[in-house]
Amino acid sequence: MSQPPSAGVERTDVQVRRLADLAASLATDPALRAEAASLGERLDGPLRVAFAGRVKAGKSTLLNALVGARLAPTDAGECTRLVTIYRDGIGYGVVALMRDGTRRALDFRRQSGALDIDIGGLPLPSIERLEVTWPSSALRAMTLIDTPGLASLNDENSLRTRGFLALDGGRPSEADAVIYLMRHLHRTDAQFLESFLDRSLGPVSPLNAVAVLSRADEIGAARPDAMQSAARIAERYRNDEQLSSLCATVVPLAGLLAETGHTLREDEAAALRTLAASDTEVLQRMLTSVDRFVQEPYDLLAREEREALLARLGLFGVRLATAELHAGRATTATDLSRLLVNASGVAALRRVLAEHFLPRARVLQARAVLTALRDLARRLRAADESAAAQLEREIERTEAGAHEFAELRLAHLAATGALPVSQEEQREIERLTRPASPAQRAGLTDDASADQLAGVAAAGVERWRTKASDPLADPLTAEAASIAVRSYEALFLAARAPR
Ligand SMILES: Nc1nc2c(ncn2[C@@H]2O[C@H](COP(=O)(O)OP(=O)(O)OP(=O)(O)O)[C@@H](O)[C@H]2O)c(=O)[nH]1
Ligand SMILES: [Mg+2]
């Protein structure tokens, strides 16, 4: 493979794409070749974001909320025990990827708005994963991956998730980023999060992981201030040293409210209006608890309808919707949809994804694919030692030359608090490694002049060069400082480049 003259400035994902092509051309085994080709395609596709967390944490519900459609099953069906990838596409389709490498198209239908997949009698252990193709603008920027709940450290369903996310080492993670859901910080959450921990930027880092305090509406028996309480708890978690070294932030969220808000039907809005128009005393009595709501004698809505409302909104949602309807602040199904989505907190999660994950998508994907290619090279070795050695050499060269990877590592080190530098320097590194304009990375505004940018960049080079060459600096600080030097040098060049 010829090295382009501008390798230092060539986009890292383009270099990694070339490595995937090289791997595909070197592998003679059809399975390895197909794997290399699909790694290349992974770079062309959107960021792959996986939902992980304990059983019934609300993963599938939240996935549906982000897509705005009830695609992922939230019942106890067998599909909840499979890793399922939801991706944008031209047509609708569901395929089972079998352990033996074959693909089987599966039947599916929409049942009351929810996707119902028929796995056609295939034994679960024979299925590697499901792939759902669904035309959806929400899936254009991110492919979303539902994983089975982590129950214990080694039950069968957890093992599927652990394998997919590479929690136990071994094969590399198939996700570029992770949304980790927890209802409260349980001892096993800490264990799972701990197994994510990899100081060298592994599957999970503050750059590609966010924690969600899920089912937040249920806090304190769905009290009206449940979401405020959740916000306080999330704030506490955010300040937790261990947690903040593992994820970008902690977002309190009621996924069910968002899912239902995005998919509310007219008949459900009508049922809520009926309730809201009831005698205030009757309504209040019904809304004291889930049991009362279902069991109270009430002719206008059958028990099943009330149960269905609870399943779709939870007690908090029913209380909120009826209160707003009653007060005249909401009338139509559209009003109710907006109300539920706003109350859910999903907007904050969308913001985190847009600000933290998506701007780095290209580099995160390249990083994940490079790791996967290294694993592939290892397996190639058994069949063809010299081909494997060639691939490994090229991988090494790409990794060593790719300043974007070095910056990613620097950003990771700063975000995890692993660097023994002052708070001011940590903030500077975070700013410098942010996916933003050169001026913003230098701490200037976009209207700064080229000379201003060059001045700040030159001073940055000086400052960090001194630190990098300090014989007393510890190795991590020295490494970080040399990366910072190169970053400032790049900013200097950007300032001097013709505009
Ligand atoms: N009240 C409330 N209930 C929720 C929320 N999110 C999910 N649920 C309910 O919790 C149950 C589990 O939700 P799922 O989305 O299936 O959870 P999961 O993590 O995907 O579960 P597994 O895949 O089985 O591990 C369902 O009955 C949901 O309706 C929420 O934000 N609020
Ligand atoms: Mg699920």
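Indexing begins at 1, ligand by ligand and atom by atom, following the structure's order.
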Can any side-chain N or O of Ser214 pair as donor or acceptor with the backbone N or O of Ala57 at less than 3.5 Å? yes

Sub-3.5 Å donor-acceptor pair from the side chain of Arg215 to the main-chain atoms of Lys56, do we have one? yes

Any side-chain heavy atom of Leu253 within less than 4.5 Å of one from Leu181? no

What residue and atom, counting heavy atoms only, is the protein's closest point to atom 16 (O) of ligand 1, and at what distance? Thr74 CA, 3.3 Å

For ligand 1, which atoms, with element, lie under 4.0 Å from some heavy atom of Thr61? 6 (N), 7 (C), 13 (O), 14 (P), 15 (O), 28 (C)

Examine Gly255 against ligand 1 and note whether any of their N/O atoms are separated by less than 3.5 Å. yes

Note: Ser337 and Leu264 closest approach over all heavy atoms is OG-CB, 3.8 Å

Pairwise side-chain contact, Leu256 with Phe316, heavy-atom cut-off 4.5 Å (strictly under): no

Backbone, side chain, both or neither: what part of Lys59 comes under 4.0 angstrom of ligand 1, heavy atoms only? both

Give the single entry among Val212, Leu256, Thr260 that approaches atom 3 (N) of ligand 1 most closely by any heavy atom. Leu256

Heteroatom proximity flag, Pro73 to ligand 1, N/O under 3.5 Å: no

Salt bridge or not for Glu235 and Arg238, using N-O below 4.0 Å? yes

Quick test of your reading of the model: are Arg306 and Glu296 salt-bridged, counting only N-O distances below 4.0 Å? no

Decide if atom CZ of Arg104 counts as having more than 12 heavy atoms of other residues, nucleotides or ligands within a radius under 6.0 Å. no

Looking at Met98, is its backbone amide N or carbonyl O close enough to the side chain of Thr102 to form a donor-acceptor pair, meaning the two atoms are under 3.5 Å apart? no

Check ligand 1 against Val55 and write out every atom of the ligand that is under 4.0 Å from a heavy-atom position of the residue. 25 (O)

Taking Glu404 for its side chain and Val363 for its backbone only, find out whether a donor-acceptor pair lies under 3.5 Å. no

Students should be able to answer this: which protein heavy-atom is nearest to atom 20 (O) of ligand 1, and at what distance? Ser60 OG, 2.8 Å

N or O contact, Asp217 vs ligand 1, cut-off under 3.5 Å: yes

Ligand 1 atoms in contact with Gly149 (distance to a heavy atom under 4.0 Å): 25 (O)

Compare Arg54, Glu218, Lys56 and give the one whose heavy atom is closest to atom 12 (C) of ligand 1. Lys56

Sort by chain and number the protein N/O/S atoms found under 2.8 Å from the Mg ion (ligand 2). Ser60 OG

Gly58 to ligand 1: N or O pair under 3.5 Å? yes

In the protein, which heavy atom is nearest to atom 8 (N) of ligand 1, and how far is it? Arg215 NE, 3.8 Å

Polar proximity ligand 1 side, Ala216 side, N/O cut 3.5 Å exclusive: no

Glu259, Arg70, Lys59 screened by side chain to side chain donor-acceptor pair (under 3.5 Å) with Asn64, the one that passes: Glu259

Applying a strict 4.0 Å limit to heavy atoms, is Ala57 in contact with ligand 1? yes

So, Ser136 side chain and Asp88 main chain: donor-acceptor pair closer than 3.5 Å or not? no

Do the side chains of Leu130 and Cys79 get nearer than 4.5 Å, heavy atoms only? yes

